[in-house]
Amino acid sequence: MSNGKNGQRLDEQSANLGTRDTPSGRPSAGRYVPPHMRNRSTETKDTSSSNTSTDQRSGDRNRDGGNSWASDDNSWGKEDDRQDRRDYRRDDRRDDARSNRNDTYSSEAAEDVSPLQNRRPNGWHNRNGSTSAIGWDSGKRTTRNEQWGGSRSDLIFSTSHNRSGGWSDRASSQTDRWNSARSRNSAYGSYSNRGIDEFGRKDEGYGSWSVDGTHIIAAKNSRLERDLFGCPDDPDRQHTGINFEKYDDIPVEASGNNVPQCVEAFTNPPLDAHLLTNIDLARYTTPTPVQKYSIPIVASGRDLMACAQTGSGKTGGFLFPILSELFKHGPPSTPPEPAGYSRGMARTRKAYPSGLILAPTRELASQIYEEARKFAYRSWVRPCVVYGGADIYGQLRNLERGCDLLTATPGRLVDLIERGRVSLSLIRYLVLDEADRMLDMGFEPQIRRIVEGEDMPDVHQRQTLMFSATFPRDIQILARDFLKDYVFLSVGRVGSTSENITQKIEYVEDEDKRSVLLDILHSQPETERGLTLIFVETKRMADMLSAFLIQHNFPATSIHGDRSQKERERALDSFRSARTTIMVATAVAARGLDIPNVTHVINFDLPTDIDDYVHRIGRTGRAGNVGLSTAFFNRGNKGIVKYLIDLLKEANQEIPSWLETVAREAAVPAGRPYKGRGGGRGQNRDYRKFGGSSERGGQGSAGNE
DNA sequence: AAAAAAG
């Protein structure tokens with residue numbers, strides 16, 4: 001691939017676009033005529049906008065003053081174009097400097113800890129010193145571990161000890177485990193004083209678990225409630241994006257041994273009553289298809305592999321049943337902190353979460369955490385989030401205040417485990433979100449380390465749930481290591497791209513991409529405040545393209561891994577709130593992000609992995625709503641053409657005839673078929689049922705385990 | 001080949 005050369009060409013092209021050639025330095029978007037429109041007579045592209053109308057529109061855009069959008073938080077677009085644009089550029093630089101500085105001090109997570117609430121113990125140990133009542137001697141042992149810095153072998157030793165103590169006998173059913181948890185709980189009473197700070201005040205919004213094993217729900221807190229759930233009148237905060245009428249059309253396929261009967265509503269018998277009040281506050285009325293199944297599956301103690309697009313209620317699919325079980329059964333029995341540990345060493349208190357959710361990007365982790373906060377409201381369960389790029393001390397402080405449900409990205413979690421600030425020994429629920437990404441080459445070693453190489457209970461002592469929009473067969477096989485007798489759930493079409501996304505493929509050479517993009521953006525009606533998400537392959541291209549769009553008066557921002565976390569968050573926030581209606585993104589934004597109102601996804605560069613394509617276009621057309629996807633295709637993308645055509649067929653999309661031609665040309669390029677995934681089919685079906693050819697040795701093909 | 005995830 002002539003990528004470097006390519007980039008140069010694009011630079012030159014941008015210089016020739018008239019963006020820098022006017023003496024005033026004024027971008028001349030209005031006069032720009034796309035080269036491919038001048039040189040080429042016909043293209044497969046939409047010809048609805050002629051050159052003149054394009055010019056007219058962008059001219060108006062410059063003048064009418066109504067476009068007072070901002071790039072990130074810079075507002076501009078007033079009367080004097082020239083002055084404004086200069087100011088803007090300066091502002092942008094200043095702003096970058098400011099944000100870089102910001103990155104060095106506290107994150108939001110740190111800020112929402114009021115200094116007054118910065119109380120000492122969170123109840124992991126009680127102050128009367130009655131901790132000694134813990135029957136067995138692991139207390140001492142764990143203490144020693146701590147003093148020795150918790151070396152690996154010690155951790156493993158104490159884990160096995162924890163397991164036999166805390167979870168009682170291995171053969172016992174889950175209820176037995178919970179019961180033993182409850183009866184032991186009073187022994188150290190760790191959760192009974194959690195709702196109270198050291199001044200005796202209520203720590204608002206959090207409940208507790210009483211000594212005699214009942215759930216104490218905290219008082220309502222209207223300020224927090226507004227913060228979490230929004231005002232009822234504010235349409236922005238309403239939960240939108242779920243098209244309920246379409247729900248029943250979505251097919252669901254469940255396979256595995258003894259699949260539990262699905263539920264049809266949010267009701268008390270399976271779900272905890274307090275969770276229902278929170279679900280109600282969030283204005284969820286009906287379970288989505290994935291929730292209908294995941295609720296009874298998790299409640300009955302089963303593992304789950306779920307294939308469902310995000311926005312189909314995936315997050316609720318694991319949060320609801322997990323929180324419900326935690327509410328019902330209370331905190332674990334094992335003493336999270338041994339007696340006599342507090343003197344002089346209080347700062348190194350460890351968090352012992354009961355649930356762990358792993359996500360592949362920081363933004364996704366943060367999004368899951370925000371949901372967890374909603375549904376854990378007023379309960380004894382404290383959600384926490386940790387991820388890189390943000391101030392670790394704020395995260396540590398939050399962990400110290402108690403952490404029962406931890407959402408994390410792998411790197412930072414490993415860091416915290418190494419620092420001895422998080423223990424996984426009491427994990428009952430493990431969730432891998434975007435599991436196929438978590439188990440692919442880049443992540444698998446870290447995941448294996450967290451799940452198998454630290455102190456996490458083994459597969460039989462925890463419940464493991466995996467969610468993703470795509471589940472390639474080889475990933476399913478890999479995932480067996482982390483699951484036991486799981487139920488496989490497939491929601492939506494087998495190809496997983498639903499028909500409510502209109503997918504257009506256009507043939508565009510690399511050097512024409514920018515001008516075609518401008519045409520598309522210009523021809524979008526400005527009245528609809530829909531968001532446009534543009535995917536590129538490289539971080540560099542993300543920067544270049546967003547700068548290019550800004551030069552052409554489009555409200556654009558960008559998100560990619562080379563931007564600071566502050567910048568990433570700000571870009572996403574600005575996009576979410578429609579202050580910036582265009583976002584250029586790398587793969588970082590491809591998965592899981594739930595951004596309502598993305599009406600158009602543009603694959604400026606197509607990914608080399610068809611699964612990434614599926615995830616990317618899944619940012620639009622969420623939960624039964626319609627969306628549009630446009631992809632720029634050229635010969636460089638012929639590697640995915642076969643899978644792309646299969647996908648389009650499955651989703652009943654129009655297939656341009658030239659695409660079929662490319663497919664024939666590209667047929668069997670004598671290399672290995674795509675990632676060795678057998679024929680590319682069976683992507684989202686239970687491999688145990690639809691096994692297929694190259695089953696690797698050991699396990700038989702179907703149905704066992 | 002690139003991106004993501006720890007500094």
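Remember, it's a predicted structure, so these values are computed and weren't measured experimentally. So you know, we letter chains A, B, ... as the sequences are listed, proteins then strands, and number each from 1.
The side chain of A:Arg540 places no N or O atom within less than 4.0 Å of a non-bridging phosphate oxygen (OP1 or OP2) of B:dA2. Put simply, A:Thr409 has a side-chain N or O that comes within less than 4.0 Å of OP1 or OP2 on B:dA6.
The distance from atom CG of A:Leu396 to atom P of B:dA6 is 14 Å, rounded to the nearest whole Å. A:Asp510 has its CG atom 17 Å from the P atom of B:dA1, to the nearest Å.
Every residue two or more places apart in sequence or in another chain that forms a ring-ring contact (aromatic ring centres under 6.0 Å, His included) with A:Phe633 is listed here: A:Trp658. Considering only residues two or more places apart in sequence or on other chains, A:Gln446 meets the side-chain contact (heavy atoms from CB on, under 4.5 Å) condition with A:Pro410, A:Phe443.
Using a 4.5 Å heavy-atom threshold, the side chains of A:Val451 and A:Arg462 count as touching.
Within 4.0 Å (heavy atoms only), A:Arg437 reaches no atom of the nucleic acid at all. Nucleic acid contact for A:Gly388: sugar-phosphate only, since backbone atoms but no base atoms lie under 4.0 Å from a heavy atom of the residue. If you check every strand for non-hydrogen atoms under 4.0 Å, A:Arg419 touches nothing.
For A:His560, the side-chain atoms get nearest to B:dA4 when compared with the rest of B:dA6, B:dA4, B:dA5. In the set B:dA5, B:dA6, B:dA3, the nucleotide with an atom closest to the side chain of A:Asp415 is B:dA6. With B:dA3, B:dA4, B:dA6 as the candidates, the nucleotide lying closest to the side chain of A:Arg568 is B:dA4.
For A:Thr608 and B:dA1, a side-chain-to-base donor-acceptor distance below 3.5 Å is present, hydrogens and geometry of angles not being considered.
Annotation for A:Ile368 and A:Ala359: closest pair CD1-CB, 4.1 Å, computed over non-hydrogen atoms.
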